[in-house]
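What you are looking at is a predicted structure, and each value in this text was computed from that prediction instead of being measured.
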Amino acid sequence: MAAQPAQHPVWRRACDRRDLVANSGVVALVDGEQVALFYLPDAGGQTLYAVSNRDPKSGANVIGRGIVGQLCGDLVVASPLYKQHFRLADGSCVQFPEQRLQTWQARFNSDAVEIA
C-alpha cells in the first residue's frame, strides 16, 4: 500500500491583527463557531492561541473574557464563571481533566489572523 500524502490544514481568516488586544482575549466568529483568540507577545515562543469560547462547565460563551496567566509553568486562561483553568496549548483543564476546550492552530498571515 502506498503512503498517503500528508493533509495540509485548511486555514480560515478569523480577524485582522489590529483586532487583537495584547495579553488578552478577543472573540471571532469562524464558520459559525465562536473562537477565543489570545495574543501573548511577551510569552516567548508561541504567541497566538485559539480555543473555543464556550465554557464546558456552564455552557456560556465567556472564555474570551477570561484572565490569562501561568499555572505550573503552563499558559492558561481562567474561566470568568467558575474560575477553572484551561491550558492554551491544548485546551485541557487543570482542575477537571474531563473538561476540555477545542483548540485550533493559529497564525499570522501578513495582517490576517488565521486558524486551522
Side-chain angles (χ1 to χ4, degrees):
M1 179 188 286
Q4 297 292 323
Q7 291 196 4
H8 298 286
V10 176
W11 292 96
R12 305 252 191 259
R13 184 185 192 99
C15 65
D16 292 327
R17 185 186 294 250
R18 70 176 177 265
D19 297 323
L20 299 176
V21 177
N23 303 306
S24 187
V26 299
V27 178
L29 188 62
V30 181
D31 294 336
E33 181 80 27
Q34 288 190 28
V35 179
L37 300 163
F38 294 92
Y39 174 48
L40 309 174
D42 302 325
Q46 184 176 345
T47 60
L48 186 60
Y49 297 88
V51 299
S52 175
N53 191 42
R54 186 176 176 88
D55 178 341
K57 186 169 184 171
S58 69
N61 291 309
V62 295
I63 297 297
R65 290 188 247 152
I67 297 173
V68 177
Q70 276 196 340
L71 191 61
C72 300
D74 293 320
L75 288 172
V76 297
V77 59
S79 173
L81 296 178
Y82 293 106
K83 312 303 185 232
Q84 72 273 37
H85 297 88
F86 295 94
R87 293 177 183 91
L88 291 174
D90 66 7
S92 63
C93 182
V94 174
Q95 293 83 4
F96 305 101
E98 69 280 4
Q99 293 181 20
R100 178 174 290 274
L101 299 175
Q102 180 178 353
T103 61
W104 292 266
Q105 296 176 50
R107 72 178 184 186
F108 291 111
N109 184 4
S110 187
D111 286 331
V113 175
E114 297 178 333
I115 65 167

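In this structure, Asp74 and Val94 have side chains that are not in contact, with every pair of non-hydrogen atoms separated by 4.5 Å or more. Looking at heavy atoms from C-beta onward, Gln70 lies out of side-chain contact with Val76 at the 4.5 angstrom threshold. With a 4.5 Å cut-off on side-chain heavy atoms, Trp11 and Asn109 do not count as touching. Proximity of Gln105 to Pro9: side-chain heavy atoms (C-beta onward) are separated by under 4.5 Å at one or more points. Residues Pro41 and Asn23 have side chains in contact (heavy-atom distance under 4.5 Å, counting atoms from C-beta outward). Looking at Phe86 and Ile63, their side chains come closer than 4.5 Å, going by heavy atoms from C-beta outward.
With hydrogens and angles ignored, the 3.5 Å screen pairs a side-chain donor or acceptor of Gln95 with a backbone N or O of His85. In this structure, the side chain of Arg12 does not engage the main chain of Ile115 through any donor-acceptor pair within 3.5 Å. Between the side chain of Gln46 and the backbone N or O of Leu48 there is at least one donor-acceptor pair closer than 3.5 Å. The main-chain N or O of Gln34 is never found under 3.5 Å from a side-chain atom of Arg54 such that the two would form a donor-acceptor pair. Checking side-chain atoms of Asp90 against main-chain N and O of Ser92 turns up a donor-acceptor pair under 3.5 Å.
Cluster membership check: Val26 shares its hydrophobic cluster with Val113, using side-chain heavy-atom separations under 4.5 Å among Ile, Leu, Val, Met, Phe, Trp and Tyr. Transitive grouping of hydrophobic side chains (ILVMFWY, heavy atoms separated by less than 4.5 Å) keeps Val62 and Val35 in distinct clusters. Under the 4.5 Å side-chain heavy-atom criterion for grouping Ile, Leu, Val, Met, Phe, Trp and Tyr, Leu40 is not connected to Ile67 through any hydrophobic cluster. Val51 and Val21 are assigned to two separate hydrophobic clusters, defined by single-linkage of ILVMFWY side chains at heavy-atom distances under 4.5 Å. Residues Tyr39 and Val30 fall within the same hydrophobic cluster, defined by Ile, Leu, Val, Met, Phe, Trp and Tyr side chains chained together at heavy-atom separations under 4.5 Å.
To the nearest 0.5 Å, atom CG of residue Leu37 and atom CH2 of residue Trp104 are 9.0 Å apart. Here Gln99 contributes atom CD and Gln84 contributes atom CD; the two are 5.0 Å apart, rounded to the nearest 0.5 Å. If you take CG on Asp55 and CG on Leu101, they are separated by 7.5 Å, rounding to the nearest 0.5 Å.
Of all the heavy atoms in Phe38 and Ala36, the pair that sits closest is CE1-CB, 3.7 Å. Across all their heavy atoms, Lys83 and Ala78 have their closest contact at O-CB, 4.4 Å. Summarising the geometry of Pro56 relative to Arg100, their closest heavy-atom pair is CG-O, 4.0 Å, with the distance given to 0.1 Å. Heavy-atom minimum distance, Leu20 versus Phe108: CD1-CE2, 3.6 Å. Here the shortest heavy-atom pairing between Asn53 and Gly64 reads OD1-N, 2.7 Å.
The environment of Arg65 atom CZ is sparse: at most 12 non-hydrogen atoms of other residues, nucleotides or ligands sit within 6.0 angstrom.
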